[in-house]
Amino acid sequence: MGNRSLVFLEAIQSHSSMTKAAQSLFVSQPYISRVIKTAEAQYQITLVDRDHRPIQLTYAGERLLTYLKSAEHLNQAMVTEMTQLKETESQTITLGITPPAAMAWYPDTLPAFYSRFPNMRTRIIEVSTSEAEKQLVDRQLDFFIGKTIHKPQVVSLPLTTIALSLVIPATFDDFQPGKFWRPFSADVLTHLNGQPFIRSIGESRMQEMIDHYFSDQGVQTIPLIEVENLLFALHLVLKGLGCTIVSTAMLTRLSTAQRATINAFKLPISQLSVDFSASYHRNHQLSGPLEFLAQQAQQKFTADILRQS
């Protein structure tokens, strides 16, 4: 009866007439009247002021209508979630993340994910942004954490802006012992001319940004070594093989001994930085699990920003 009461009370409120309410719903006026009287008997209170012209809902009628609407919305949400959970029982989703962030994010996120979706099977891969862009469009990848992807088929939810740092080894003439963080200036870039640079070809979007940045600043480095990811590039800098640019957050995890072998310069975000997003295909049907992962990502990166502020 709750459903009928909701529909009939809405119609009476809208039309201020039993007859017009019945006509709008293609039912008889006596039928609406019987349903309303049954509800009034159940709650032992008047729901419609029939003496008022035009008729109107009483305060009790308005409150009951509000509760019935809330109950209907809650029921719809329940049905939707139960349907999604049923659909995920036999589904597998492929989750991608840019390599430096994989170990820092998914181990913290997956326990909460599996508490919510215990039967969902997942495949987690480390993938560059350029490769993730292709795989998301082709529906080979369901969800990606990494640099923002600008494609009409892809939804990218902004997470944060990643600060970047230039790292030089002890083998450079400009190296200063005992100074891990050094202030950045235009002279720092000038000293890079003719120096060996470790490029990350796996992170092609990132490397394209760095190449354009160096070109704009008139810097010409020697592309000595090419590697698949920034973490490997950083390890080679620690071995004195050249300089590179990595996320500033990566440097916070270095040991004291490692810090002694390099100098780091925080680049101005206005000059060079990376927008980080959670991305998935716009038409993906597994909205429940993907929306949950996106919410977890937003909470994670918001918490990181607050800790660093």
Side-chain angles (χ1 to χ4, degrees), residues 80-81 83-85 87-110 112-114 116-117 120-164 199-213 228-231 245-250 269-270 272-305:
T80 298
E81 184 167 349
T83 301
Q84 290 174 345
L85 289 173
E87 290 174 348
T88 62
E89 282 187 345
S90 59
Q91 295 289 339
T92 299
I93 57 175
T94 303
L95 312 176
I97 192 165
T98 191
M103 288 301 295
W105 191 70
Y106 275 125
D108 293 336
T109 303
L110 288 179
F113 178 81
Y114 272 105
R116 180 77 176 271
F117 304 100
M120 174 67 71
R121 289 176 290 180
T122 57
R123 175 174 174 260
I124 302 173
I125 60 174
E126 291 185 328
V127 60
S128 67
T129 302
S130 56
E131 188 60 31
E133 183 178 283
K134 300 174 186 175
Q135 293 188 20
L136 281 171
V137 171
D138 294 340
R139 306 295 288 270
Q140 298 175 25
L141 188 65
D142 298 304
F143 186 81
F144 175 67
I145 295 287
K147 287 178 278 298
T148 300
I149 293 175
H150 301 284
K151 288 286 185 180
Q153 306 96 318
V154 176
V155 175
S156 286
L157 305 176
L159 298 177
T160 188
T161 297
I162 303 295
L164 301 175
R199 304 178 79 251
S200 174
I201 58 173
E203 296 290 332
S204 60
R205 293 286 184 270
M206 173 81 161
Q207 192 57 55
E208 286 174 8
M209 292 174 52
I210 294 172
D211 291 343
H212 285 305
Y213 175 64
E228 282 296 321
N229 60 69
L230 296 175
L231 186 59
I245 291 178
V246 299
S247 72
T248 302
M250 289 175 63
I269 288 180
S270 59
L272 187 65
S273 59
V274 176
D275 292 328
F276 226 55
S277 296
S279 302
Y280 57 94
H281 198 284
R282 187 173 299 278
N283 296 327
H284 206 296
Q285 295 181 350
L286 296 178
S287 58
L290 295 185
E291 287 176 358
F292 180 81
L293 286 172
Q295 291 170 1
Q296 290 290 304
Q298 289 174 320
Q299 292 172 9
K300 160 71 175 174
F301 285 98
T302 299
D304 287 348
I305 292 172

When you measure from the side chain of [X] to the backbone N and O of [Y], does any donor-acceptor pair fall under 3.5 Å?
{"X": "Ser156", "Y": "Ile149", "answer": "yes"}
{"X": "Asn229", "Y": "Leu231", "answer": "yes"}
{"X": "Thr148", "Y": "Asp275", "answer": "yes"}

Search all heavy atoms of [X] against all heavy atoms of [Y] and return the closest pair with its distance.
{"X": "Pro158", "Y": "Ser277", "result": "CA-OG, 3.7 Å"}
{"X": "Arg116", "Y": "Phe292", "result": "NH1-CD1, 3.4 Å"}
{"X": "Val127", "Y": "Ala132", "result": "CG2-N, 3.7 Å"}
{"X": "Ala278", "Y": "Ile145", "result": "CB-CD1, 3.8 Å"}
{"X": "Gln207", "Y": "Ser200", "result": "OE1-N, 3.0 Å"}
{"X": "Leu230", "Y": "Ile245", "result": "CD2-O, 3.7 Å"}

- Task: Measure up the Tyr280 and Phe143 rings against each other and bin them: parallel (under 30°), tilted (30 to 60°), perpendicular (over 60°).
- Result: parallel
State the [atom1]-[atom2] distance between [X] and [Y], to the nearest 0.5 angstrom.
{"X": "Ser273", "Y": "Lys147", "atom1": "OG", "atom2": "NZ", "value": "12.0 Å"}
{"X": "Thr248", "Y": "Ile269", "atom1": "OG1", "atom2": "CD1", "value": "8.0 Å"}
{"X": "Ile97", "Y": "Ile124", "atom1": "CD1", "atom2": "CD1", "value": "8.5 Å"}
{"X": "Lys134", "Y": "Lys151", "atom1": "NZ", "atom2": "NZ", "value": "10.0 Å"}
{"X": "Leu141", "Y": "Ile93", "atom1": "CG", "atom2": "CD1", "value": "10.0 Å"}
{"X": "Phe117", "Y": "Thr122", "atom1": "CZ", "atom2": "OG1", "value": "12.5 Å"}

- From the list Arg121, Arg123, Arg139, side chain to side chain contact (heavy atoms under 4.5 Å, CB included) with Thr94 holds only for Arg123
Are any non-hydrogen side-chain atoms of [X] and [Y] less than 4.5 angstrom apart?
{"X": "Leu136", "Y": "Gln153", "value": "no"}
{"X": "His281", "Y": "Leu290", "value": "no"}
{"X": "Met206", "Y": "Val274", "value": "yes"}

